[in-house]
Amino acid sequence: MSSANPPSSDQGIPGGHKHFAHESNETFLALIEEQRENINNLVGGNLKLKKVVHATKQVVAGILYHVTADFEDDNSQSAKFSFKLIDRPWDQPQERVFDHQRVE
């Protein structure tokens, strides 16, 4: 009889949200930069990414990222937003960013 070991806390739940090293993930950072115009259209403004504060990813039909990031406008005013970003390399949707909100 073998005993089943539960997954360790760093493994997460299969199909669930997982933290990842977003600071060094060039694909993820390029995707955010590529979608900056869509982010600006959603939030209204000309924001530049200052720092990704928190990011998780989830494998769905593609990869769904949940991102919280600090942005800065042309007047050096900071704003923090939370949004979802979908990456489906086989599909080239115009808008990959959705479900955004400002975080205070």
Side-chain angles (χ1 to χ4, degrees):
M1 210 187 214
S2 67
S3 63
N5 293 327
S8 67
S9 62
D10 62 339
Q11 287 179 327
I13 299 170
H17 299 273
K18 296 181 182 178
H19 295 277
F20 67 105
H22 60 269
E23 302 89 352
S24 60
N25 189 314
E26 293 177 20
T27 303
F28 170 74
L29 295 174
L31 187 61
I32 287 186
E33 186 56 34
E34 172 189 306
Q35 292 300 308
R36 189 168 60 92
E37 185 175 328
N38 289 331
I39 293 168
N40 282 327
N41 288 338
L42 286 172
V43 301
N46 186 25
L47 303 176
K48 295 179 182 106
L49 179 66
K50 254 174 78 172
K51 177 183 175 185
V52 174
V53 178
H54 176 78
T56 61
K57 67 180 180 178
Q58 179 181 18
V59 176
V60 292
I63 298 178
L64 177 62
Y65 296 100
H66 292 254
V67 181
T68 302
D70 287 327
F71 291 89
E72 186 174 79
D73 66 13
D74 293 334
N75 298 322
S76 298
Q77 296 292 317
S78 292
K80 186 181 287 188
F81 287 92
S82 177
F83 56 93
K84 294 178 184 174
L85 176 64
I86 188 83
D87 184 19
R88 291 181 254 181
W90 61 89
D91 187 18
Q92 297 300 319
Q94 290 293 324
E95 296 185 13
R96 296 180 180 187
V97 180
F98 60 98
D99 196 26
H100 75 287
Q101 64 181 6
R102 187 170 185 151
V103 179
E104 296 300 321

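Count residues from 1 along the sequence.
Asn40 places a side-chain N or O within 3.5 Å of a backbone atom of Leu47 that can act as its donor or acceptor partner.
Atom CD of Gln58 and atom NZ of Lys84 lie 9.0 Å apart (nearest 0.5 Å). Leu64 contributes atom CG, which lies 4.0 Å from atom NE2 of His66 (distance to the nearest 0.5 angstrom). Put simply, CG on Leu85 and CD1 on Ile32 are 6.0 Å apart, with the number rounded to the nearest 0.5 Å. Taking CZ from Phe83 and CG from Leu42, the interatomic distance works out to 9.5 Å, rounded to the nearest 0.5 Å.
Remark: Glu37 engages no residue in a salt bridge (Lys or Arg N to Asp or Glu O under 4.0 Å) (not counting sequence neighbours). Residues meeting the side chain to side chain donor-acceptor pair (under 3.5 Å) test with Asn75, sequence neighbours left out: none. A search for side-chain contact (heavy atoms from CB on, under 4.5 Å) contacts involving Lys48 returns Arg36, Asp74, not counting sequence neighbours. Residues satisfying the side-chain contact (heavy atoms from CB on, under 4.5 Å) test with Ile63, not counting sequence neighbours, are Lys57, Tyr65. For the side-chain contact (heavy atoms from CB on, under 4.5 Å) test, residues two or more places apart in sequence or in another chain that qualify with Ser82 are Thr68, Gln101, Val103.
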Derivation and outcome, side chain to side chain contact (heavy atoms under 4.5 Å, CB included), residues Ile86 and Val60: CA-CA 9 Å; Ile86 188 83; Val60 292; 3.8 Å; yes
Expected list for residues 22-31: side-chain donor-acceptor pairs under 3.5 angstrom, two or more places apart:
residue	atom	partner	partner atom	Å
His22	NE2	Val52	O	3.4
Ser24	OG	Ala21	O	3.4
Asn25	OD1	Thr27	N	3.2
Asn25	OD1	Phe28	N	2.9

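Residues Lys50 and Ser78 approach most closely at NZ-OG, 3.0 Å, considering heavy atoms. Across every non-hydrogen atom of Arg102 and Ala79, the tightest pair is NH2-CB, 3.4 Å.
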